[in-house]
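Okay, structure first, notes after.
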Amino acid sequence: MFLAGEGLSPSAALVAAGILLTACSGLPGLVLARRDGTGQKIATLLMVAGSGLGLAGALNALLTGASARYVITGGFLVVGGEWGVDPLSAFFLIPLFLLAGCGALYGSGYFPEAKHPSAAPRLTFFFGLLAASVALVFTARDALLFLLAWEVMALASFFALTTEDHRKEVREAGLLFLVAAHMGTLVLFAHFSLLKAATSSFTFPGAGSLSGGTAPAAAIFLTALVGFGFKAGIMPLHIWLPSAHAAAPSHVSALMSGVIIKSGIYGIVRVTSFYHTPPAWWGMTLLTLGIISAVAGVLFAIGQHDLKRLLAYHSIENIGIIAMGIGVALIGRSSGSLPLELLGMGGALLHLLNHALFKGLLFLGAGSVIHAVGTREIDLMGGVAKRLPLTGLFFLTGAAAICGLPPLNGFVSEYLIYLGLFRGVAGIGTVVTSGLPLMALAIPALALVGGLALACFVKAYGVVFLGVHRQESVTQPHEAGLSMLLPMGILALLCVLIGLFPQGGIRLLEPAVAGWFPVSAGMATGVTLPAPVGWITVMGLLLIFFTLAIIPVALKKRPGGIAGAVTWDCGFLRPTPRMQYTASSFAATLVDLFGGMLRPRRHRPKISGPYPEPALFSSHVPEVVLELLYLPLLKRGNELLMPLRRLQHGQIPLYILYIFVTVIVLLLLAP
Amino acid sequence: MIYLALLLLPLAGALISWFTGSNLRRPRLLPLFGAAHFILTLLAFMGGPKPVLSGWLALDPLGMVALLTISTLYLGCAVYAAGYLPSRRRRSNRVLCLGMLVCLSAMSLVTMAHHLGLLWVAMESTTLSMAPLIYFNRNARSIEATWKYLLICSVGIALALLGLFFLAYATLVAGAETTLLLEPLIAGARRLSPAWLNAAFIFLLVGFGTKMGLAPLHTWKPDAYGEAPGLVGALLSGGLVNCALLGIIRVYQICMAAGDVRFYQQTMIGMGLLSMAFAALFMLRQTDFKRMLAYSSVEHVGLLAVALGVGRGALFAALFHLFNNGLTKGVLFLTSGNIHRSYGTKNAEQVRGVLQRLPFTGGLFLAGFFAITGSPPFSPFLSEFGIISGTFGGGHPLVAALMLLFLAIIFMGMASTILPMMMGSAPRESGTVVGYRDRFFTVAPPLALMVVILVLGIWLPEPLRRLLADGARLLEVAP
Amino acid sequence: MTDLIIHLFLVLLMPPLLLGVISRTKALFAGRSGAPLLQPYYDLARLFRKGMVLSDTTTWLFRSGPVVTLATVLVASLLIPLGNHAAPLSFDGDMILFAYLFALGRFATILAALDTGSSFEGMGAAREATYSCLAEPTLFFALIVLARLSGSLSLSGMLTQPLGAVWADSGASLLLLVGALFIILLAENCRIPFDDPNTHLELTMIHEVMVLDQSGPLLGCVLYGAALKLFVLSAFFIRIVLPFRTGDTLADWGLFVVSLLLLAIAIGTVESVMARFRLTRIPQLLIGAGILSSFATLLILR
Amino acid sequence: MNSLMDQLLVLVMLLNFLGLGTSRMQVAIRTVAFQGVILGLLPGLAHTFSWHLGMITLGIILAKGVLIPWLLFRAMRRVEIREAVEPFLSYSATLLLAAVATALAFVFAAKLPLAPQHQGLLFVPAAIATIITGFLVLTTRKKAITQVIGYLILENGIFIFGLLLSQAMPVMVEAGVLLDLIVGIFVMGIIINQISREFSSIDTSRLTALREER
């Protein structure tokens, strides 16, 4: 295996070093003694170092805007491979290495080897392998290397997520994950085969080198949509996502939600970049799927009361928002509207980065809470912010950011997508020929999603962190250690920084967006997003200024002073913590309103007699698509096919008859 | 010279083992002769020997691929047997050792026979020498399995003989000198009577297909694979299957040279798809993990048949897959033997926590599962993907889509059987079951095979690539 | 410059007056003489002088709720054009920020409510979160219509365009929009028939029940913020309904003030003649508004 | 010469009916053995004498006429079970089928593109009829030994066709085929033995422990 061409460019070399270091980070831990945690320390160090190198490489590639491709020969994957770093890859590498480094650091505190001597080395190893394989996915330049990395990623995630396989739900989640991942891979087999048939090479074609209007192109796009959609978690292919995110250790969930599902988005972005004239229905399909995923994702999230499942459904929502952005960009490309392309793709990519930041932050925060409280059930928590003040603050930052609230990063990316949609609908500087009503629908849909996300996160934050603890716990919840707080702090800081000063993020974004454009379009020198992001800084600072200005007015010492008292109980006698509004009751109205889709299940106790026994009422929202669509379908199919299995009945004479009949049939068919 | 060595060395080993008295020492002969055979095979691979006996024996690239697969797999099985048989020392292994060595000789003969009559004789010998191996466990189920295997395969092979006669008759009708030598047949294929050639193709396909396990001729397969010891299953699925496939390939070579090839190609594709569909049908909700592996074998035989039918574009991958499938099946069957011994059951629902109780076996079985279902970084990925992309590229998108559908169903079936076996906590062992654990001899062979397919999954050495490419060229439609 | 000063002047001082006008209107309908028009100013002044009572359960979030809410509305007030006059700050896409600022305010208010751990305040928070997200799409449909009609991406551009001509052109669409927006205006500002700012039964309240535990200057912030929000949204609404311009700057300002007061009287009238809806009816009405506005959008997209 | 061969082939076909119609296994074994002897004689009639031919004739007669029947009788004796097992299809029905198949074989053979020197000979119809008879026995009978007999009839049918091209089959291969056949019957005999020991019966319709559930 040899790299052809001259030496590696600096960014490629850095990224390659990062991949190697992260891939090997868990190896020492597999052989070293387990009790003292040396292996994990080495692994964490290697991961942080590797991530740092990779991050440096990616930033370098983005700032210089240079791209490089290398051919690997000498019997590698039979026909050789191509590998390279271009701005588009580099942009995806940023959240990856960021979360990999933070996640590894967090993992050393969250899942210490000293406490889990047998499971931790395995987890550490696969976490490193996972990070490296995702990096390889982003940098592979031919189908075989890509699929190799893609499937190693799936296998590594499977092993990482089944770390605690003594629990039944973890095993089931693992199985579901693996099956869904493999379904996706099989569709990708078709995808890359078709692509090869179109280009007669496994190497990825250059941006804009194919024409989109043909039937093979449609097949390639659709297979990409399904194959990558499985990984991205686009509805209705998201079935594996909630349980997998809930079952995995928290830093793995963070990486999964932050980066791995983005590899599906990467695939879609990369594949669509090949085509210079996609038909309009491509963009409309993506936009539609995006709307469905976003709205349905957030609705399902509202119904959850398992903290991590709730976050998982929000990943589906955000993937939907990203898909909407890509849809806008594609519509822009097919109607020849540059601003739409720029704003759509820019918004999608920035939202992808942002989502990685705040969702990573939220999962890590959720991990700390679960670590401290010992349950994932929201309705049993409460008042956690008093015990874990810093975790609470970080989680709050993430929660506000994911709702798209200014002045945080989530707002910036949604703003770009909104701007693209508005420009398209209003016809400003652009003429969109088709998909106008769809785009007009997308705007209020996005607004609805924002409102629902807000409802969901005030519920989650309020019930978990505020109020009073709802159950007597054996152990006092305690604040997480430094190794867990530091990663959260970094992510929270980045959320604020990008929110207040989006220019920095946009500076990194623009080369990546340019990479999506056909080479012939002359975008190699870079693009400028038609969005006044400077104003966002101004408005953010203004908001902070006003807040700071009001504080002294509202809170200055006054003659009356500040008195403490119990919460106003409306004249109720002896209120108890159990009487607080729970997450389920908070969401009840919305869940009922959308009950046709969410299909909530209520477990009502039977109440009888004048003095009924204490009873428990509970409700939950199932994974509707899986439980009410796929599983019944599978069951039905299985029932239909079952009788055919009697063909294997054990009677030899009939088996010989099969042979005879086969001969006769073939003889009759012969020309 | 090397031909005779390859044939006679195992036979000599068979004789020696027959006259070795000790039940404990006898299995040690197996790795010895396996290794010798492997070394000879490597020598042959590097030497590229010329045909002998006026063309009756020759190792062309196709035969070489099969021989290489068989010899590598056999070495693994032999080492495994040396570790496995002593654990069952109360049962005489004399017949088993004899059968294994005779079978090795017969399989080698299949790979190098270029006279189709000789090929047939060798093929029937492999069938017969395998029978006592399947029967090793001596219980009602293994007797049933052996009987089905023997009768169905014998009938199949008899039909293949008829096919051979048809082939010879095709030359007779064409007015040429009747012969069953491969090279003259290929050279004169265009002049062969099409009707008789069609008939010959059908009977040979059904005949050897029965032995290979193409649906609906596969009926004996789950029974035999399920009841035979793991290492016999490995030899059946990696050795005999490849022999039978080679038999079909030989006929196919002639057919491809005959001009109008549509019927042959379509038949292969049809039978292949049918096999994959059957495998998918029976792998859903399969609770017996060894039978599941048998159906997986049916599936891969189907995959190979489709690849042959598709032709150019999928042929390289097909030959590569022949090799990969053989070795991967070896890993799966050998480790499944370990699981069977440790848990005392083949019912997957009673097997839990293999990774915990038998970490190496479990890991290898899991890796084998991933490999056989076409996951990178294992070499079957390259070959399966190659076949599928070749099918798409060869203008059969519908066929390829169906294949993907079957592969998807099969994955679902396999995963939902295998993953619960692997994960979780192992049940407490009852008093009757001996604490069977991973040992060097029962783990090293599958591990070695696994390493081979892992390395090939990333890096294909040039000589091997050339061999496969040369072989693929032999199977292309004559211009 | 004078426009800026007048803008700031109106934004800072006028909001409580609207509340005064509304309650005076209601009093008149009820046949009472009612509180003086400036009563809300007196209330605010008193609240800002008072001390505070804080629940022991609360954290800093409780105190920051009213502060942040007020700050967001203040920022939003800089983005809204008053009458015919462009806003002090305006840029492409400022309407998105405008909408999301209110969302931020809501976020802070709801969290402050949940911080108390009271089941009543939780109830109010849940209702607020539920109803406001249903109101969101209508506002954006309205923004689409305005953006498409004006060809502008900022609030100032949308609202200072010659809307009179637009009425002539796409009157049907605007009429639907006005209906929908009036519903939203009432819902967002917690007026009857959606919510009753003067009720005293905790179980039926939405907004007021969330601030039960607020007191002193913080309650002052809440009340002032609410009034300002009413002012800002009314300014948005009234500009569409009465898009008159005189050509003279000062006259335009006067026109704006008068029309705003007229709107306050209209709100007061509605509150006097209608009863409060049952809670379960509210989502239906909000969704109805959404459907109206979507028709409006459809009409102009033809 | 040709008429003698044809008469012998007719005899072979008649023997098919005997093998198919009898319920006694001794008769069936003897029928197959007799068929084998006739097959051994046929090459001698078709060609002028040579050592090659003599060896083949001798080999076939020894193998098919002596050794295999002996193996089968040995297996029978060891089993020593005289039970009546109803076939899947009644004897009369199978006989009828065989008659139809034989008739069809003649029709079919007339349409085949045979080499000129083979046209009009009974070899091909006899081969087809015998093969089909073999299949009929295999697919309708339940006893293990009868199934072996069916296999042998099938094999005989194939052999008849093989007589058309004895030049193509070198002695080595011919011998190999016979050897494989003998070993095969030998192994089958052993297995039949085990079946009767394990199941106290050689009724193979009881061998259905191995199948898919449901």
ask   = Are the aromatic rings of B:F385 and A:F202 close, with centres under 6.0 Å apart?
value = yes
note = Of the listed A:H166, A:Q648, A:E164, the one with the largest count of heavy-atom pairs under 4.5 Å with chain B is A:Q648
request  = Select one option (side chain, backbone, both, neither) describing which atoms of B:L419 are under 4.5 Å from chain A's heavy atoms.
outcome  = side chain
key: Between A:A197, A:A190, A:G650, the one whose heavy-atom pairs under 4.5 Å with chain B are most numerous   = A:A190
ask   = chain A heavy atoms under 4.5 Å from B:S375: which part of the residue, side chain, backbone, both or neither?
value = both
CZ on B:R285 to CG on A:N638, rounded to 0.5 Å = 4.0 Å
task = Please report the shortest heavy-atom distance between A:L178 and B:F369, naming the atom on each side.
result = CD2-CE2, 4.4 Å
note = Ranking A:L155, A:L176, A:V170, A:T185 by heavy-atom pairs under 4.5 Å to chain B gives rank one to A:L155
inquiry  = For chain B, which candidate among A:L175, A:L641, A:L647, A:V661 shows the most heavy-atom pairs at distances under 4.5 Å?
reply    = A:L175
message = Check whether B:K148 reaches the backbone of A:Q651 with its side chain - one donor and one acceptor, N or O, closer than 3.5 Å.
response = no
query = Between B:M403 and chain A, which part of the residue has a heavy atom less than 4.5 Å away: side chain, backbone, both or neither?
reply = neither
remark   = Smallest heavy-atom separation, A:T662 atom then B:P216 atom, equals OG1-CG, 3.5 Å
note = Note: vs chain A, highest number of non-hydrogen pairs under 4.5 angstrom among B:L281, B:D223, B:I152 is B:L281
query = Which heavy atom in A:V78 sits nearest to a heavy atom in B:R465, and how many Å separate them?
reply = O-CD, 4.3 Å
request  = Check whether B:L366 gets within reach of chain A through its side chain, its backbone, both or neither, counting any heavy atom under 4.5 Å.
outcome  = side chain
inquiry  = Below 4.5 Å, heavy-atom pairs only: which of A:H182, A:M183, A:E172 has the largest tally toward chain B?
reply    = A:H182
Gap separating the OG atom of B:S389 from the CG atom of A:L195, nearest 0.5 angstrom = 11.0 Å
query = Where does B:A415 contact chain A at under 4.5 Å (heavy atoms): side chain, backbone, both or neither?
reply = both
key: Nearest atoms (heavy-atom pairs only) where A:S193 meets B:F392   = CB-CD1, 3.3 Å
note = One should read off an interatomic distance between B:L217 CG and A:Y658 OH, to the nearest 0.5 angstrom, of 11.0 Å
task = Would you mind checking which part of B:P461 comes under 4.5 Å of any heavy atom in chain A, side chain (CB onward), backbone (N, CA, C, O), both or neither?
result = neither
Region of B:Y264 in contact with chain A, defined by heavy-atom distances below 4.5 Å = neither
note = Distance col, row B:L382:CG vs A:L148:CG, nearest 0.5 angstrom, shows 8.0 Å
key: Structural part of B:T210 lying under 4.5 Å from a heavy atom of chain A   = side chain
inquiry  = For A:V179 versus B:F411, what's the shortest heavy-atom pair and its separation?
reply    = CA-CE2, 3.8 Å
task = Please state whether the side chain, the backbone, both or neither of B:T373 comes within less than 4.5 Å of a heavy atom of chain A.
result = both
task = State the CG-CD1 distance between B:L159 and A:I659, to the nearest 0.5 angstrom.
result = 6.5 Å
query = Quick one: what part of B:F201 sits under 4.5 Å from any heavy atom of chain A, side chain, backbone, both or neither?
reply = neither
task = Tell me, out of A:K168, A:E151, A:R167, A:K196, who's got the most heavy-atom pairs with chain B below 4.5 Å.
result = A:E151
query = With a 4.5 Å heavy-atom cut-off, do A:I652 and B:W220 have their side chains touching?
reply = no
ask   = Quick one: does A:L666's side chain get under 4.5 Å of B:F203's, heavy atoms only?
value = no
note = Shortest non-hydrogen pair, B:F282 vs A:L644, comes out as CZ-O, 4.2 Å
request  = Begin from the C-alpha positions of A:D165 and B:Q356 and carry the test side chain to side chain contact (heavy atoms under 4.5 Å, CB included) through to its verdict.
outcome  = CA-CA 10 Å; A:D165 69 354; B:Q356 195 185 65; over 6 Å; no
remark   = Highest number of heavy-atom pairs under 4.5 Å with chain A among B:I418, B:N198, B:I202 belongs to B:I202
inquiry  = I want to check something: taking the side chain as every heavy atom from C-beta on, are B:T267 and A:L669 in contact at a cut-off of under 4.5 Å?
reply    = no
task = Please work out which of the three classes, parallel, tilted or perpendicular, describes the rings of A:F159 and B:F370, given edges at 30° and 60°.
result = perpendicular
query = B:L464 versus chain A, heavy atoms under 4.5 Å apart: side chain, backbone, both or neither?
reply = neither
